[in-house]
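Note that ligands are numbered from 1 as they come in the structure, with each ligand's atoms numbered from 1 the same way.
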Amino acid sequence: MNQLKKYFSSRKISIIAVAIVLLWFKTYIAYKTSFDIKIENWKQEFILFINPLSFLLFFLGIGLFFKEKNRNRYIMITSFIVSFVLFANVVFYRFFNDFLTIPVLFQTSNMSDLGGSVHELLEPTDILFFADLFVLYALMKWKPSFIVNRDYTKVSRRAFFLVAIAIAFFNLGLAETERPQLLTRTFDREMLVKNIGTYNYHIYDAFLQSKSSAQRALADGSELADIENYIRANYKKPNDELFGIAKGKNLIFISMESTQNFVINQKVNGQEITPFLNKFIKESYYFDNFYHQTGQGKTSDSEFLVENSLYPLSRGAVFFTHSQNEYKALPEILNEHGYFTASLHANNRSFWNRDIMYKSLGYQKFYDMDYYDVNDENSVNWGLKDKEFFEQSIAHLKEMKAMNKPFYAKFITLTNHFPFILDEEDRSIDEYNSNSKTLNRYFPTVRYTDEAIEQFINRLKEEGLYEDSVIVIMGDHYGISENHNEAMAQYLGKEITPFESVQLQRVPLIIHVPGQKGQTIHTVSGQIDVKPTLLHLLGIDNKNNIEFGADIFSKEKMDFAVLRDGSFITKDYVYTRDICYDKATGQPTDDKACGPFMEKAKQELEYSDKIIYGDLLRFYYNDKSNQVKK
Ligand code: GP9
Ligand code: MN
């Protein structure tokens with residue numbers, strides 16, 4: 001016993017270790033008490049627990065290089081900085097339900113929202129966020145016997161940083177198994193904080209910020225001339241018969257989660273998959289050769305394409321990386337034409353950085369999760385069930401209607417999201433039977449969304465909104481990835497070659513214009529073409545816009561769509577993975593057939609990337625002569 005006592009009294013701990021442990025535990029306690037971070041299993045809880053550690057080891061570990069007095073000073077200062085960053089996030093979170101980002105710090109409108117109420121956001125117990133600083137100070141001042149403050153050798157410093165590196169990699173590796181492509185996809189701040197920790201997240205955010213600032217700083221607008229020439233040379237005259245047929249009408253846009261075109265007019269186990277859409281396309285314009293062009297930004301990329309008629313980026317989500325750019329997006333243009341503009345989506349506002357990006361796109365209002373009653377009963381899978389979502393949205397639409405001006409309302413569905421989970425009571429058709437549970441479950445959830453949209457359209461009729469609105473229904477991106485090719489082949493009854501994979505990237509596009517008869521249009525087109533098409537229907541000229549799409553109704557529209565991976569589709573050919581396929585046979589053909597389009601596909605993606613990386617539209621739309629005409 002005595003020996004044990006002696007052993008412990010001879011063990012001394014370093015003040016750096018004390019500071020690290022205090023900050024570490026404090027951060028974890030803050031995660032659990034001040035943020036609403038959803039944890040689904042013990043592994044996520046473990047990642048959350050260890051995630052502050054690697055940063056703290058590096059940051060406070062620098063103290064090992066100082067002598068005692070300076071070291072104490074360094075530790076006090078860094079502990080204060082870390083505590084302050086944590087506390088700032090906590091206060092910000094109380095108000096915005098989100099974590100701080102650098103662009104947000106510079107967004108004065110956001111900050112003034114916060115500024116006025118900052119004292120209301122503070123609580124007396126907040127002093128506890130700095131409690132560890134008092135402990136550290138006391139330990140340094142009274143130097144109890146178990147605290148040591150010695151100089152460290154090179155070897156011990158090296159060992160320390162090796163351990164720090166190992167912990168950082170361990171954390172990242174674990175996070176990667178939980179969330180593949182966490183850093184390249186950068187989808188949600190909550191996800192980032194949950195996996196790499198709040199401090200590493202800020203470093204990552206700073207890195208993204210400086211990278212895009214540098215590219216932006218180096219651009220001077222001279223690059224625009226070529227791009228403008230290209231766009232003017234490819235401009236397609238609108239279809240005179242249709243230009244302005246929906247002038248002044250509301251625009252109701254429904255983005256259907258993960259809905260691919262192969263389900264339209266098809267059956268599973270002898271049952272129709274989308275009975276409502278199949279009916280609705282007969283009364284609408286339906287585009288059956290329409291491709292999604294999204295990349296890693298998934299739904300947000302599809303939104304980006306539709307709003308801007310620019311391509312998203314080849315890596316990362318442009319909603320995250322370039323939310324501060326100048327855009328001339330659909331909501332902004334419609335605002336200028338007297339519309340009220342809103343997006344409705346029952347998810348966190350920060351998901352895909354929508355809260356920030358929507359401001360850049362010109363949305364006047366974002367009805368996010370907080371505008372809906374979301375509880376365990378009415379939720380499944382990713383959140384609020386689509387039927388509930390649409391039903392609760394009617395009240396918001398009534399608000400818009402009462403404004404006595406046309407509105408643009410974008411609805412983003414959620415139930416048909418991977419892994420396609422559905423409650424038994426919501427299932428109207430049976431699952432498919434293949435070796436892919438994902439594909440099997442896909443059909444009933446697609447059907448559920450089909451029913452949700454049917455109910456919504458009926459409600460629009462009841463509310464007297466149907467006849468005054470252009471209704472657009474579009475699939476955002478694929479739902480079934482190439483990992484399920486075998487099951488897909490079984491369902492479609494044909495082998496999934498790279499050619500078929502490209503054809504599977506078709507998503508439905510349905511445009512219902514009051515008073516117009518139904519028509520199926522086979523022109524090859526993509527999400528990039530939605531903006532000019534809709535603008536023309538609403539009678540808004542886009543001649544001076546910087547856009548890569550064309551009005552699909554235009555008689556001059558070329559059959560052409562480029563996917564974000566560089567594959568492209570023309571009237572007769574599909575080019576993918578360096579092979580040119582003949583659409584008639586689905587077989588490879590002479591590369592020469594695709595040749596004339598190769599340059600165009602490459603050029604468009606390059607020009608679009610240039611615009612985004614250099615934030616080039618700021619040089620264009622700030623010049624009054626290019627303002628979109630009212
Ligand atoms: C989330 C929803 C789904 O808000 O848009 O995003 P996804 O994973 O499909 O990009
Ligand atoms: Mn999606």
### Query
If you measure from atom 2 (C) of ligand 1 to every heavy atom of M369, E303, H345, which option wins on shortest distance?
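Comparing heavy atoms across M369, E303, H345, the nearest one to atom 2 (C) of ligand 1 lies in H345.
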
Measure the acute angle between the ring planes of [X] and [Y], then classify it against the limits of 30° and 60° as parallel, tilted or perpendicular.
{"X": "Y358", "Y": "F366", "result": "perpendicular"}
{"X": "Y367", "Y": "Y371", "result": "perpendicular"}
{"X": "F443", "Y": "Y432", "result": "perpendicular"}

### Task
For E257, counting its heavy atoms only, list the atoms of ligand 1 lying under 4.0 Å from any of them.
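Selected atoms, number and element: 3 (C), 9 (O).
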
### Task
Show which atoms of ligand 1 fall inside a sub-4.0 Å distance from at least one heavy-atom site of F351.
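Going through ligand 1 atom by atom, the ones under 4.0 Å from F351 are 1 (C), 4 (O).
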
Is it true that [X] and [Y] have a side-chain N and a carboxylate O under 4.0 angstrom from each other?
{"X": "K410", "Y": "E307", "answer": "yes"}
{"X": "E451", "Y": "K385", "answer": "no"}
{"X": "E45", "Y": "K32", "answer": "yes"}

### Query
Would you say T299 reaches the Mn ion (ligand 2) with an N/O/S atom under 2.8 Å?
yes

#### Entry: For V318 against M357, the heavy-atom pair lying closest together
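So the minimum-distance heavy-atom pair works out to O-CE, 4.4 Å.
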
### Summary
Minimal heavy-atom distance between T438 and F420, with the atoms involved, is CG2-CE1, 3.5 Å

Just distances here: any N/O of [X] and N/O of ligand 1 closer than 3.5 Å?
{"X": "N347", "value": "yes"}
{"X": "H477", "value": "yes"}
{"X": "K298", "value": "no"}
{"X": "W382", "value": "no"}

### Query
Does ligand 1 have a heavy atom under 4.0 Å from the side chain of W352, from its backbone, from both, or from neither?
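Just the side chain.
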
### Message
How large, to 10°, is the angle at the Mn ion (ligand 2) when you draw lines to OE1 on E257 and to NE2 on H477?
### Response
150°

### Message
For N/O/S atoms only: which one belongs to D476 and is nearest the Mn ion (ligand 2)?
### Response
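That would be atom OD2.
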
